[in-house]
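Taking it in order: structure first as structure tokens, then the write-up.
Letters A, B, ... mirror the listed sequences (proteins, then strands); counts begin at 1.
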Amino acid sequence: MLRYSRSCCRFRGLKKLGGQLRPLSQTALLGKPSVNTSSIRSESANGDIGFLKSSAVSITPTFGPFDNAHAAVQAGQSRDIMNLWSLLEACLHSGYMDRAFSILKSLYGLRSHRASFIDDYNKYLMKFAENLTDMKIIDRKLFQDLQNVFPEAEYNDKTLAILIHYALKLSPSRDASMEHCRTYLKMALGGYRGILSNIDVLSVQNYRSLVHDFKLIEVHDLPAEIHSLMEVNGVSHENAESTEPAVNGGNISVKAKNEEQGMTLDKEIKPLVKDASELLAVDTIGMKVVRHTLLGLSLTDQQREQINSFNFDTASNLLNFEKDKENIDFFEIFSQLKTDEEKEAFTKALDEFNQDRQHQLENRATDAAKERWRHDFEEAKARGDLSIQKKLNIKLWEWFNKMLPLVKEEVKRCAELANKSSQDPSLSPQEKKQNKARQDYGPYLTLVDPEKMCVITILELLKLNSTGGVIEGMRTARAVISVGKAIEMEFRAELLLKNESHVFKDVNKKSHEFKVLVQRARNTFRSMKIEESKILWPQEARAKIGSILISMLIHVARVRVEGVDPLTKEKIQGEAPAFSHGYQYHNGSKLGVLKIHRSLVHQLNGERLVAAVQPQLLPMLVKPRPWKSWNSGGYYYTQSTLIRSKDSPEQVAYLKAVSEAGAIDNVYGGLNVLGETPWTVNRKMFNIMSHVWNSGEPFLDIPGNQNKLVLTPQPPRDADPTVHRQWRLKNKALANEFSSNRSARCDANYKLEIARAFLGEKFYFPHNLDFRGRAYPLSPHFNHLGNDMSRGLMIFWNGKRLGPTGLKWLKVHLSNLFGFDKASLEERIAFTESHVNDVMDSAESPLNGKGWWKEAEKPWQALATCIELREALKMENPEDFISHVPVHQDGTCNGLQHYAALGGDVEGATQVNLMPSDRPQDVYSHVAKLVVARLEKVAAKGDETAAILKDKIKRKVVKQTVMTNVYGVTYIGATHQIEKQLSNVFDDHKLSYELSKYLTKHVFASVRELFEGAHLIQDWLGECAKRISKSIRLDIDEKSFKNGNKPDFMSSVIWTTPLGLPIVQPYRENGKKQVATNLQTVFISDPFAVNPINARRQKAGFPPNFIHSLDASHMLLSALKCGEHGLDFAAVHDSYWTHASDIDTMNVLLREQFIKLHEVDLIEQLKNEFDERYKNYLQILKIDKKANVAVKVVELRKELSQKLGRQFTLADEIYLEKKRRQLMESEDPAERAQGEAMTTTVSIIGEVDDIAPLEKSSDSSCIMVLAPLTLPPIPPKGDFDVKELENSKYFFS
Amino acid sequence: MSLAVKSLGELSKIKHYYGFRYLLNAAVHEQIFDKLKLATVYPEPNKLKILDLYPGPSQHSAILYNRCKPAQHVLMDARPDFVKHISQFITENSQHAQGFQLVTLDPYDWHSYTELIDRNKVMVPSHKGREAIHNEFLVVANLTGMIGEGLFMQWLACIGNCNWLQRFGRVKILVWVPESTALKLLAKPGDHLRSKCSVVTEAFTETKLVAVMKNKTETSFNSSLLEKHRPVMFESKDVWMPSGKPISLLEIDPRDHKVDLDNFDYVTKHLLILKSTPLYDALESLGHGGKEYFCSVIGDDRLLQKCPKDLTVSEFIYCTEIFDKWPFKPDIYLDFIDVFQDND
DNA sequence: CGCCGGACTAGCGATATAAGTTTTAGCTATTTG
DNA sequence: TGACTAGCTAGAGACAATATCGCTAGTCCGGCC
């Protein structure tokens, strides 16, 4: 009855208002928006692993505000939108409703954003309604806003959901409430489901009312996750008369229902849980079950005792960060379980426990840190021990307490300012300025609990000690941003938690089974919520609140210091600020630094700073949230994006488009496999490292614990300037070494401490991608991509019986770790076997024995393998050994492998083991040989340099250069690498540098000779990138021509990987700007700014990036397949890891996938994509002035110039060409004809079939013209057939 | 007999000027040397040694040589085109060029001087005390090129340290610099160009503006400066290469000073970053608790209200002395940063 | 009432900073076929 | 005449950042008609 068509509704609605009929809801009078539900989902073509579908989408995407390249109008606005969004959000949560409303108006003003404006309005409405008691006000407000203020905006299902939610909450009577709901439901755009799917608005209680009380909707209208929650109740309460219990809900066990039955609804609806932390305490029931399950397993008495005494209350038993406390060793228990059933039960119980812990981990870390400080403080106070040389934590607690009131005061002022409409004129100019600034940061500062902000600030600053090359301190810019970011993260996590508790507030989890259901619903809810939140605080806001907080800390934080009186030379005690803001110069440019006082730094050196590790970024205790969309996956409470595109919203835009089309499911799949591999800490390795660490001595790559930086004595004043310079350089070098040692040690400390916390735990690494699609674990510090030490600390949680092949592979692995990896497998096995005594010795007494393992290329991993091997060999049948150590298979010069496959280069393919062979080919030795041959040839002709060098060329000399050559190393870079090697042979520094320069040329030439095909492709890729990045795009580049004939080039190189991932090279000119903060201005780039691209980097980066995108594709495909075959899989780009026993399987799979990848001609595919994507682009060429076309162009220019009465610029030419094309696309035949008839400079050039012969490089005899963009022809492909690879066992080895 | 003085027309045939600019008008040069009254400073030409750095076309060298007839006049230049030109010039004038010689060393390289003086002993200046300007040694240089400014700043440091050529005494330097550099060096307290180098120049040298290019633009020397120095003015057409920034000639007379250079450096450098912030606040950037300390020592509130850009040299020296007495002063030798060491 | 002028300011762009110089591409003149 | 090379020069470059100043364009206010 209220379903009016749009036009008549407005009309009639208004009429009715004027008349007697007072509708219950004014909002109901609003027009019903038209719904656009067309979607373009094309069916995946057969055999497509992503590319076809994805490229189809990404070539002509329809972009939202993330795009910064597509539409010119939008270009300037996307940044505004993001800033407004974030400000709106901040104002709403800070309760600045008036300001929020004016922001809404601004958003409404942005045309390009109009369509999604209602989402912003909904957020406002939601908040607006929160503190009201009268439904009518809400309804009227909405009506008036949409009628008068935002006339072009139309409500959507979420708007209705909000109305329903509040109708249920606020209506005075059941009837009124029901009537409201009925009305709103009828206004639905596309059925009830649309409204009801807003589980972030409607609470479980709401659903129950709608279903059970009012019977307005059926259970099957609800989102699937909610069903179960309804039904449990439905059965117990309503006897299932109106609902159909069978719908979808069959998975509820009888037991669960029974358990629920005793409860009445009244009892169930408890008073609201006010905040997140209280909510957490409710969960203990489940933990009893966990304990019960665990105790039911076959355990040793000791373990039983441990579990019995273990407090499964997660809040008090998060990870173990205490040195002398031991958590239960879940890994030990798990590995000792005999039967699969027991393992399964154990796993289930542990996972459940970990679900809760993960939740805690991501949410309660700041509180935990604070509590620890307080605890230490109180303890010391109780002991009466508040000595001068205070413990760090006590100091921190004091700072915290001094800082807190300042922060609170500031928050108060911001709030006051926001509520005051007019400025107090009596204020001093300085105060006024301060208030002005408060307007900027105020909304953001009032979002997070001041206590938390203090803790975060302190922790961040301590964590940043000695970063950014500052000796004792950090860069200010980094500090303010870090603090700001941390605050933002905290806010997001809190927000999510708050929302969650709001929605689930009236759900009581009495039973264990029921809780599982709730948890599932929650997870869905979280995913939704996270996906929805695309808002990022602008860097500017981060910097501003960061600086405010930091300057407060600077103000209060003080330390005891010691100094020397310059006159009496006595030691003096004093007090000074712990932090000091100042500047340092580098190359004449100033750099803001935040210095940390030396005495504090010393104290920090001795501390274990685990608390400062962002807890949101630790390895996860549960399987990561599977990747489902560009921003949904990984951690549970922290938003992570699929691609780490710090400053490329452009790629995000493409990504969203293809993701929504479901074109990159293989990427998600591959990443999920990586994320689902469970790990645990290798306890034996941990103990050894821990021991080494505690000694404080340098060991392998762990630097020793030096406390003092000793500088060399100063030369006399009148010494030669060179002497002074040398002295300064020497000091710099010393200081750099010192500080890099310190940060290396600090890093090692992080690793060890995280490892300690995860001892005996089962954990996972959530992964995401860099912009080329390479996978990286999200958790920094401690992951399997880390250095040898990190890797040595980790083993697979799951163990697998070695079996005959496993044992062999374990031996091969050890040999590889020693760097003995270019021999045949048999020889490598023999290598290990010949060292069996060393293996035993290393494993048995790693620190006191002969220390053979330390000679390995990767000593820590070698030691881990030695230990594993010893355990195996000790057994009666070593093949029965259950192995956990990951065994690696590395591609031999993986980049070249891809190049060889692309180029079909037989010789190259052979060299990098794409061809089956009895022994692995060693490219490096081969190149070395080639180089020697060259040198000998020239030496014979009398070249002395060649003669000196020709005997000095070893494999090692060329290795790095050959390897990095693929990755586009520059001549200079390569020279440095070679110089490093040569300096071992030649003492004279200058000589060795000269020789290196000479040698580099020959190495390059040799590599080129050997990988002819590869280099042709490399050059082709480079040339394409160059042309694309110097191309002009008709639709947007018009205004970039402001500087006459020199345009700003805007087109990045964009391509689609075989898996369908769109890649946008992010190299743009850095549009860094100065941002004023409390401490100083800070130089930061705004990721949403549209900057011209950096053509040089686009060109230099493309060839290696393309190859990386291929190796990434290969890895993900292999991961996917390994996952399908039940393998535990991990990878470091071109090094694939699995259990020893599974290596053979993995090798087959990865070769299969490589073949699959290269079966299509990827280069041709790329060319086609380029041709399509850059179809209408123009390029600037220089052609011969005397050529026929050139003359014509000049004539036309002259003519047009006269008509215009001024110089005819390239911008004009582009404008004309654009017009011509528009006309030709027109519907109107007359216009089309007009277009055809038009002559532009571009059309003249376009008539020439092949422009290339006319091109000239540098001469005054040529002119600049615009021509359609053409790419060079693909270099011919060689005869190598990638299928040969199938039997090449040394491909990866 | 004297060396031939070539004209701009001839000298402009030299291919490359390497980004340097030279005044090539003999009359103006004469005017300049008149103004400098070199005869008073160097009463005994037969003991005078002149080191001419980056002489380039060497027109001024010839004129100077002709006027002073010094015992030795060494031109140091290593730029191929100039080397060629100078060698040829010397050959052409060989009979009149006693003591007029070229060394093809790079004046930028410190080693060139040890090479010239200590190793090959081509030119060995006498050591003089620091009571007066060295009266037997003169340095002439053209630093109008790219590297010029940087090199000059280092020479200033050498004056402060009494090393390099300044180890022989307070050696006068006549140096051509870009006008922008001259402006900086001569900036007085309160000038917006006041910077560390102006303070250092003022503290360690007595610097005079000898010659400037005639210039219509505003962004040039202010009238009081011109009034004070009364420099010789020359036309821009007398300068080769024709394109480039205007140039000026400075006369640098090192002072006898006893300032602790390192502390002075640190204090001026840091204070002048916040050149318009009152000392009261700016001092905090000198180190942990700088504000507290300095305020407790400096009684004069007027000084604390002043901005670094308005401070006189003696005020900077005063601050340096206080800084030096600070028990908790930061380590001034660790005042740098390794920007490439970025751990993420 | 409306209009206008002047004061004021936000915001942007330019410039200086320190003090051994960074690499590279492109341009020009020289050399050589 | 053209092509190639060497060597210069300039242009970007990571002044891989920040303080300050001056200019401009807009805003606000008060006075005047």
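Rounded to a whole Å, the CZ atom of B:R194 is 17 Å from the C1' atom of D:dT20. Per the geometry, CG belonging to B:D310 stands 14 Å off C1' belonging to D:dC21, to the nearest Å. Between the NE2 atom of B:H270 and the P atom of D:dA19 there is a distance of 14 Å, rounded to whole Å. Taking atom NZ on A:K1073 and atom C1' on C:dC12, their separation rounds to 9 Å, with Å as the unit. Nucleotide C:dG13 holds its C1' atom 12 Å from the CZ atom of A:F1083, rounded to whole Å. Following rounding to the nearest Å, B:K309 (NZ) and D:dT20 (P) show an atom-to-atom distance of 8 Å. To the nearest angstrom, C1' of D:dC15 lies 13 Å from CE of B:M146.
The base of C:dA19 is paired with the side chain of B:E149 by a donor and an acceptor separated by under 3.5 Å. Within 3.5 Å, no donor on the side chain of B:K275 pairs with an acceptor on the base of D:dT20, nor the reverse.
Residue contacts for B:S180: at a heavy-atom cut-off of 4.0 Å it reaches no nucleic acid atom on any strand shown. The residue B:F20 sits apart from the nucleic acid: no heavy atom pair falls under 4.0 Å. A:Q726 comes within 4.0 angstrom of nothing in the nucleic acid, heavy atoms only. Across all strands, B:L151 comes closer than 4.0 Å to base atoms (heavy-atom distances). When heavy atoms are screened at a 4.0 angstrom cut-off, B:P80 is found touching the sugar-phosphate backbone but no base atom. As judged by a 4.0 angstrom heavy-atom cut-off over every strand, B:I147 is placed among the base-contacting residues. Base contact: B:Y108 has a heavy atom under 4.0 Å from a base atom.
Counting non-hydrogen atoms of other residues, nucleotides and ligands closer than 6.0 Å to OH of B:Y280 gives a total of 12 or fewer. The environment of NZ in A:K1026 is sparse: at most 12 heavy-atom neighbours from other residues, nucleotides or ligands sit within 6.0 Å.
Taking 4.0 angstrom as the limit, A:S589 places none of its side-chain polar atoms (N or O) nearer than this to OP1 or OP2 of C:dA16. Phosphate contact (OP1/OP2 of D:dA12, side-chain N/O of A:N1094, threshold under 4.0 Å): absent. Applying the 4.0 Å criterion to OP1 and OP2 of D:dT18, one finds that A:Q1080 has a side-chain N or O inside that range. Taking side-chain N and O atoms only, B:H16 has no distance below 4.0 Å to OP1 or OP2 of D:dG7. At C:dG20, one or more side-chain N or O atoms of A:R728 fall inside 4.0 Å of OP1 or OP2 (strictly under the cut-off). Using a 4.0 Å cut-off, no side-chain N or O of A:Y583 falls inside it from OP1 or OP2 of D:dA17. Considering only side-chain N and O atoms, B:S276 lies nowhere under 4.0 angstrom from the phosphate OP1 or OP2 of D:dA19. Under 4.0 angstrom from either OP1 or OP2 of D:dA17 there lies at least one side-chain N or O belonging to A:R475. Taking only side-chain nitrogens and oxygens, A:T1081 comes nearer than 4.0 Å to OP1 or OP2 of D:dA19.
A side chain to side chain contact (heavy atoms under 4.5 Å, CB included) with B:Y266 holds for exactly one of B:L271, B:L261, B:L286, B:T320; it is B:L286.
Helical stems of DNA chain C (runs of at least 3 Watson-Crick or G-U pairs, donor-acceptor distances under 3.5 Å) are listed by first residue: C:2-17 with D:17-32, C:24-29 with D:5-10.
The closest donor-acceptor contact from the side chain of B:T104 to the backbone of B:A78 lies at 3.5 Å or more, if one exists at all. Panel note: side chain A:R475, backbone A:V470; no donor-acceptor pair is recorded below 3.5 Å. Although no hydrogens or angles enter the test, the distance criterion places a donor-acceptor pair under 3.5 Å between the side chain of B:Y18 and the main chain of B:D81.
Each of D:dA17, D:dA19, D:dA12 was ranked by its minimum atom distance to the side chain of A:K1072; first place goes to D:dA17. The listed nucleotides are D:dT9, D:dC21, C:dT17; the one nearest the side chain of B:Y18 is D:dT9. When each of C:dT21, C:dA18, C:dA19 is scored by its nearest atom to the side-chain atoms of B:Q154, the top-ranked nucleotide is C:dA19. Here the side chain of A:R725 is nearest to one of C:dG20, C:dT17, D:dG13, namely C:dG20. Across D:dT18, C:dG20, D:dC15, the shortest atom-to-atom separation from the side chain of B:D109 is found for C:dG20.
Base orientation of C:dA18: anti, since the glycosidic angle falls outside 90° of 0.
Sequence order on DNA chain D of the closest nucleotides to B:H192 and A:G592 puts A:G592 first from the 5' end. Ranked by how close their nearest DNA chain C nucleotide is to the 5' end, B:K15 and B:G150 are led by B:G150. Annotation: of the two residues near DNA chain C, A:K1026 and B:K269, the 5′-most nearest-nucleotide partner is B:K269.
Across D:dG13 and D:dT9, the matching C1' atoms stand 16 Å from one another, rounded to whole Å. Separating the C1' atom of D:dC4 from that of C:dG26 is a span of 15 Å, rounded to the nearest Å. Comparing the same atom, P, in C:dT28 and in D:dG11 gives a spacing of 12 Å after rounding to whole Å. Spacing between D:dA12 and C:dT15 at atom P, rounded to whole Å, works out to 15 Å. A gap of 16 Å separates the C1' atoms of C:dT21 and D:dC8, to the nearest Å.
Residues B:W164 and A:D718 are not in side-chain contact: their nearest non-hydrogen atoms beyond the backbone lie 4.5 Å or more apart. Using a 4.5 Å heavy-atom threshold, the side chains of B:L143 and B:E149 count as separate.
Between B:K291 and B:D281, at least one side-chain nitrogen of the basic residue sits less than 4.0 Å from a carboxylate oxygen of the acidic one, meeting the salt-bridge criterion.
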Extract all donor-acceptor atom pairs below 3.5 Å that involve side chains of residues 198-205 of chain B and protein atoms in other chains or at least two apart in sequence.
| residue | atom | partner | partner atom | Å |
| --- | --- | --- | --- | --- |
| B:S198 | OG | B:K184 | O | 3.4 |
| B:S198 | OG | B:S195 | N | 2.7 |
| B:S198 | OG | B:S195 | O | 2.8 |
| B:T201 | OG1 | B:C197 | O | 2.4 |
| B:E202 | OE1 | B:R194 | NH1 | 2.7 |
| B:E202 | OE1 | B:R194 | NH2 | 3.4 |
| B:T205 | OG1 | B:T201 | O | 2.6 |
| B:T205 | OG1 | B:T207 | OG1 | 2.7 |

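In this structure, A:K590 has no salt bridge (Lys or Arg N to Asp or Glu O under 4.0 Å) partners at least two apart in sequence or on a different chain.
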